Structure formats: structure tokens, C-alpha cells
Amino acid sequence: MEFNVKSGNPEKQRTACLIIGVSQPRKLSRAGKLIDKMSDGFLSTIIRRGDMDGRLGQTRVLHNVAGTLADRVLLVGCGKEKDLNEQSYLKVLDSLSKALENIGAMEAYSYLTDINIKGRDIHWKIIQTVMRMEKNRYNFDQLKSKKNEAPRGIRKLVMNVPSRRDLNKGEQAIQQGIAISSGVSLAKDLGNLPGNICTPTYLAEQAIRLGKTFPSISVVILEESDMKKLEMGSLLSVAAGSRQPPKLISMEYHGGPADQKPIVLVGKGVTFDSGGISIKPGAAMDEMKYDMCGAAAVLGTLSAVAEMQLPINVVGIIPATENLPDGMATKPGDIVTSMSGLSIEILNTDAEGRLILCDALTYAEKFDPDVVIDIATLTGACIIALGRHPSAVLGNHSPLVNDLIGSGKKIEDKLWELPLWEEYQEQLKSNFADLANIGGRDGGAITAACFLANFTKKYKWAHLDIAGTAWISGENKGSTGRPVPLLTQYILDRINP
Ligand code: BES
Ligand code: MN
Ligand code: ZN
């Protein structure tokens with residue numbers, strides 16, 4: 001879909017569809033009042049008769065409104081002015097996308113960007129509009145023989161900005177919104193693909209493809225034999241029970257000066273998590289195809305960064321493997337030695353994410369990182385602790401954690417911090433090795449991060465547990481593409497603090 005910004009009065013716009021906000025009770029927005037005046041009170045009449053009272057989510061199409069150059073006027077209910085906030089604005093955008101699907105128009109001009117939302121500027125409203133429209137158009141039917149009906153709706157959306165001085169800002173917001181949306185779509189596609197298609201080899205191929213699309217990204221794939229040479233005993237122990245070869249994918253995006261330390265993103269890429277010998281119960285086990293959403297977020301973020309040609313260096317590392325229970329599989333009680341030299345007693349083969357991440361985190365040292373952020377669908381305990389709205393963040397450097405939280409708030413892809421305290425390390429003690437890979441039921445999301453903290457002492461590090469945010473369960477099952485918006489926003493904020 002095409003997006004554009006313009007600045008001007010609504011009655012002067014020659015368009016197939018003018019989009020005007022109405023708030024409760026029966027209150028026209030500034031643009032609405034102008035149209036009302038030009039049409040001798042036509043909009044007020046509609047409102048007075050009760051056909052549109054401004055309730056959140058309500059929409060009405062009016063044809064041939066006198067005094068305008070528009071074929072139609074679409075009224076969109078915004079709810080009570082005092083209740084307008086980020087969440088209700090997103091709901092307004094959802095009802096707008098719905099309404100536009102059922103309209104004959106090919107393009108539209110929106111004045112919903114004029115709506116006032118406390119603490120949010122025009123940049124925010126435009127980027128959210130772009131992302132929301134793209135989100136609502138997303139469709140995953142590549143594996144159906146009968147494709148979903150082609151989404152009807154507009155091809156082009158023009159958004160109004162308050163003055164000509166805002167045009168540049170608006171265009172930048174569009175560009176960012178488009179780049180982030182295509183990163184989100186890539187991440188969603190990878191998440192939604194089943195484990196028999198999206199294997200570690202498939203993820204490696206996607207990385208290579210990204211490198212071909214963007215010459216600014218160079219890609220190296222390490223094979224099982226390379227992992228052996230690097231003594232990644234922990235990562236290899238997870239791959240041992242699978243017939244699909246594991247891959248360690250590394251991607252370097254060069255946009256900044258050669259001597260600038262990179263931001264390193266490490267994404268969990270378990271393309272199917274059966275639990276291994278500590279096998280999971282059968283209910284909803286299909287959802288464990290999403291256990292590579294951390295990896296997908298790394299690929300999506302790199303794609304967004306490269307599309308915007310951002311002047312910064314970013315590295316993406318993806319340990320990719322299946323977690324399956326065949327004859328060679330790791331057994332509970334097995335002890336392995338990680339690349340760092342720490343030995344690990346594997347008390348539960350279903351706590352495999354930390355086992356592949358710890359070696360990838362040690363490998364990350366090689367890039368002399370400025371900061372390292374790992375992203376993983378790591379624990380069910382995270383969902384119990386926080387639900388499905390924020391991702392969890394824990395880290396060893398509070399400015400990094402706070403920056404991430406700030407970027408998440410900015411782009412509406414939020415984080416909540418959990419404590420990464422020394423005290424919890426007790427739970428990871430092993431009778432036979434340096435570390436156990438599980439810490440019991442209490443504080444499971446925290447002890448998982450504590451496990452990783454043993455491998456990240458040499459740099460500033462934050463861990464994002466996205467188990468509750470990377471996909472939606474139930475009837476509308478599907479991948480969300482989170483936290484591509486957050487990670488991209490963090491990188492943008494590092495360039496322009
Ligand atoms: N991939 C899962 C975490 C997960 C579970 C994400 C459910 C989303 C929904 C991870 O590998 C796992 O199995 N974790 C175990 C850890 C436990 C054995 C300490 C868990 O959370 O149950
Ligand atoms: Mn598991
Ligand atoms: Zn897992």
C-alpha cells in the first residue's frame with residue numbers, strides 16, 4: 001500500500017474518500033466542522049439524527065456531500081475526547097481499516113492525524129497509522145490451495161499534517177512505518193510457517209536471501225562441524241536428538257563507521273520444540289513451531305534497518321536447531337561443556353533455549369559488541385508472570401534496560417522489567433556441574449535469565465523473553481512479529497537519542 005502526507009483544508013481535497021473523526025457526544029473534529037460549514041450543516045444533521053454519535057469504532061459513509069471535492073466522506077467514531085489514548089487510537093485505526101475494506105474507493109485522505117492524543121506527536125500518529133494498516137492487511141495463505149479472497153480496499157492513503165513544515169517529519173514517519181512493517185511481515189511469515197518447512201536450514205536460507213537483497217548485509221552460516229571446532233557443547237547437545245542439521249547464522253549489517261562497535265542481536269531459533277526427552281504434553285504442542293520467533297525478530301529487524309539504510313552497525317546471530325527426542329538425544333542428567341568452559345547439568349531437556357543461547361552469547365564476544373540483546377520465547381513462566389501484553393526485559397546494565405523500555409513505549413511494543421538479582425543464582429546450583437539448566441518452578445522467567453547472565457559478563461547485555469508476545473494462541477492463532485518494532489525503534493533511538 002502507498003502512503004503520503006499533505007497539508008491542506010479538507011473541503012479543498014479532490015479525493016475518493018475524506019476521512020473525518022467524530023467524538024462523543026456528537027462532536028465533529030476541526031476538519032469535520034469545516035466540511036459541515038461548506039455543506040450547510042449536512043454533517044450536523046446526520047449526527048443530530050443519530051446516525052453517528054461518535055462512539056469508538058462506529059463508521060458511516062456519506063456520498064456526494066455538498067461543498068466538498070470528495071466522492072465520499074467517511075465518518076469515524078473516536079469515543080469520548082477525554083478517553084482518547086494510544087490504545088483507543090489504535091482501535092480507531094482498526095475500525096478505519098475495516099471500513100475501507102468495504103468501500104469502493106481506491107484512495108483516501110485522512111484527517112484522523114489531526115486528533116489530539118496526549119504526549120503523542122504527528123510522527124507517532126503517522127507511523128502507527130502505517131503500521132496498523134499494514135498489520136490489518138497481512139494475510140498468510142501461502143499454504144492453502146484456495147487462497148483467501150484478495151483483500152479489497154484502498155491502494156493509497158494520504159494523511160494530513162498540521163502545516164507544511166511537518167511534511168518532512170511526516171515522510172520520515174512513513175518511511176520508518178513501511179520499513180518496520182515489512183520487517184514485521186517477514187517475522188510473521190517465518191513464525192507462521194510450520195516446523196517441517198521452516199527448519200534450521202530454511203532459516204539459514206532466509207538469512208542468505210536477506211544478504212542478497214541488501215548488499216549491506218553479509219551472511220556467514222556455521223555448520224555442525226564448525227560448532228564442534230568452537231566447542232559449542234551446549235548448542236550441540238540440543239541438536240543431538242534431531243535429524244535436521246543445526247545452523248549458527250551470523251549476519252553483519254555495515255551502515256556505520258568501520259570502527260564503530262556493533263549492536264548485537266541474538267535470537268533463539270528452535271524451529272520446533274517438542275521438549276526433547278523431557279517431552280511436552282500434546283495439547284497445543286503445534287504452537288512450538290513458534291519457538292524460533294526470536295530468530296525471526298532478528299531477521300525482521302535487520303531487514304528494517306537495511307531498508308532504511310541506517311548509519312549504524314548491527315550484527316544478528318541465530319542459533320538454529322530443532323529440539324526432538326530420537327536415539328541420540330540428550331537425556332536428563334547429561335552434563336555438557338559450553339563454549340565458555342562452564343559445564344552444565346541438563347536436568348530438563350525442555351529448557352533448551354538457554355542451552356543454545358549461552359553458546360551464541362559466548363560467540364557474540366567475537367564482534368566486540370557495544371551492547372548485546374537476546375530475544376527468545378524462553379519460558380512459559382514469563383506468560384504466567386506478565387501475561388501477554390509486555391515482553392519481559394532483564395539485563396546487567398540498567399541504562400540499556402531503561403533505553404529499551406523507553407523505545408518500547410515510543411512505538412507501542414512494550415516491555416516490563418523483572419529483577420536479575422544475585423539471590424536467584426542459588427536456584428541454578430548443580431551437584432555435579434558448574435550450573436544446572438533449570439531453577440525450579442519459582443521465578444522461572446528470572447532463573448532462565450540468570451542462567452544466561454553467567455555467559456554475558458564481558459559486555460552490556462539485556463534479555464527479552466517474548467514467550468507471551470510473539471504469537472497469539474487460540475482461534476486467531478498466529479505470529480505477531482513482535483518485537484521487531486521495539487528493536488528497530490531502539491536502533492533508531494541510538495542514532496538519534
Ligand atoms: N519454548 C519454551 C517456552 C515456552 C513455553 C514459550 C510455552 C511459550 C509457551 C521453552 O523451551 C520451554 O520449554 N521452557 C520450559 C522451561 C522449564 C522446563 C524450566 C517451560 O517454560 O516450561
Ligand atoms: Mn523447551
Ligand atoms: Zn523452547
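When a ligand or atom number is given, it counts from 1 through the structure's own listing order. Everything numeric here is computed off the predicted structure, so don't read it as measured data.
- Take the N/O/S atoms of Asp273: the one nearest the Zn ion (ligand 3) is OD2.
- A salt bridge does not link Lys144 to Asp141: none of the charged side-chain nitrogens sits closer than 4.0 Å to a carboxylate oxygen.
- With salt bridges taken as basic N to acidic carboxylate O contacts below 4.0 Å, none links Glu412 and Arg132.
- The N/O atoms of Arg354, backbone and side chain alike, include none that comes under 3.5 Å of an N/O atom in ligand 1.
- Close approach of ligand 1 to Glu352 is summarised as follows: ligand atoms under 4.0 Å from at least one heavy atom of the residue are 11 (O).
- Checking Ala351 against the Zn ion (ligand 3), every N/O/S atom stays at or beyond the 2.8 Å cut-off.
- Considering backbone and side-chain atoms together, Thr379 places no N or O closer than 3.5 Å to any N or O of ligand 1.
- Heavy-atom proximity to atom 6 (C) of ligand 1, evaluated over Ala467, Ala351, Cys382, is greatest for Ala467.
- Rounding to 10°, one obtains 70° for the angle at the Mn ion (ligand 2) between OE1 (Glu352) and O (Asp350).
- By the 30° and 60° cut-offs, the orientation of the rings of Trp471 relative to Tyr290 is parallel.
- Considering backbone and side-chain atoms alike, Asn348 places every N or O at 3.5 Å or more from each N or O of ligand 1.
- Atom CD of Gln142 has more than 12 neighbouring heavy atoms from other residues, nucleotides or ligands inside a 6.0 Å radius.
- Nearest N/O/S atom of Asp273 with respect to the Mn ion (ligand 2) is recorded as OD2.
- Shown here is Glu231, whose CD atom has no more than 12 heavy atoms of other residues, nucleotides or ligands within 6.0 Å.
- Neither the backbone nor the side chain of Arg441 has any atom closer than 4.0 Å to an atom of ligand 1 (non-hydrogen atoms only).
- Protein heavy atom closest to atom 2 (C) of ligand 1, with residue, atom name and distance, is Asp273 OD2, 3.6 Å.
- Between Tyr138 and Phe140, the ring planes are parallel. Angles under 30° get that label, and only those over 60° would be called perpendicular.
- Residue-level check: among N/O/S atoms of Glu352, OE2 sits closest to the Zn ion (ligand 3).
- Any N or O atom pair closer than 3.5 Å counts here, and Trp471 shares no such pair with ligand 1.
- When only interatomic distances are considered, the shortest N/O to N/O separation between Gly380 and ligand 1 falls below 3.5 Å.
- If you check which protein heavy atom lies closest to atom 10 (C) of ligand 1, you get Leu378 O, 3.3 Å.
- Each of the following atoms of ligand 1 lies closer than 4.0 Å to a heavy atom of Lys268: 1 (N), 10 (C), 11 (O).
- A side chain to side chain contact (heavy atoms under 4.5 Å, CB included) with Leu248 holds for exactly one of Ile318, Thr321, Ile317, Asp226; it is Ile317.
- Summarising the local packing, NZ of Lys280 is surrounded by more than 12 heavy atoms from other residues, nucleotides or ligands at distances under 6.0 Å.
- Residue-level proximity to ligand 1 for Glu287 is absent, since no heavy atom of it falls below 4.0 angstrom.
- Not a single protein heavy atom sits closer than 4.0 Å to atom 22 (O) of ligand 1.
- Taking the side chain as every heavy atom from C-beta outward, Val270 and Glu352 approach each other to under 4.5 Å.
- The closest protein non-hydrogen atom to atom 9 (C) of ligand 1 is Met288 CE, 3.5 Å.
- Within 6.0 Å of atom NZ in Lys147, more than 12 heavy atoms from other residues, nucleotides or ligands are found, so the atom counts as buried in its surroundings.
- With 2.8 Å as the limit, Asp291 does not count as an N, O or S neighbour of the Mn ion (ligand 2).
- Listed by number with element, the atoms of ligand 1 under 4.0 angstrom from any heavy atom of Lys280 are 12 (C), 13 (O).
- The atom of Asp291 nearest to the Zn ion (ligand 3) is OD2, with the search restricted to N, O or S atoms.
- Residue-environment remark: CD (Gln260) exceeds the threshold of 12 foreign heavy atoms within 6.0 Å.
- With respect to atom 12 (C) of ligand 1, the closest heavy atom belonging to the protein is Asp350 O, 3.2 Å.
- Side-chain contact between Thr349 and Pro332: present, with at least one pair of heavy atoms (C-beta onward) separated by less than 4.5 Å.
- Atom 19 (C) of ligand 1 has its closest protein heavy atom at Ile438 CG2, 3.5 Å.
- Taking the charged nitrogens against the carboxylate oxygens, Asp291 and Lys268 do have a contact shorter than 4.0 Å, which makes a salt bridge.
- The neighbour count for Trp416 CH2, taken as heavy atoms of other residues, nucleotides or ligands under 6.0 Å away, does not exceed 12.
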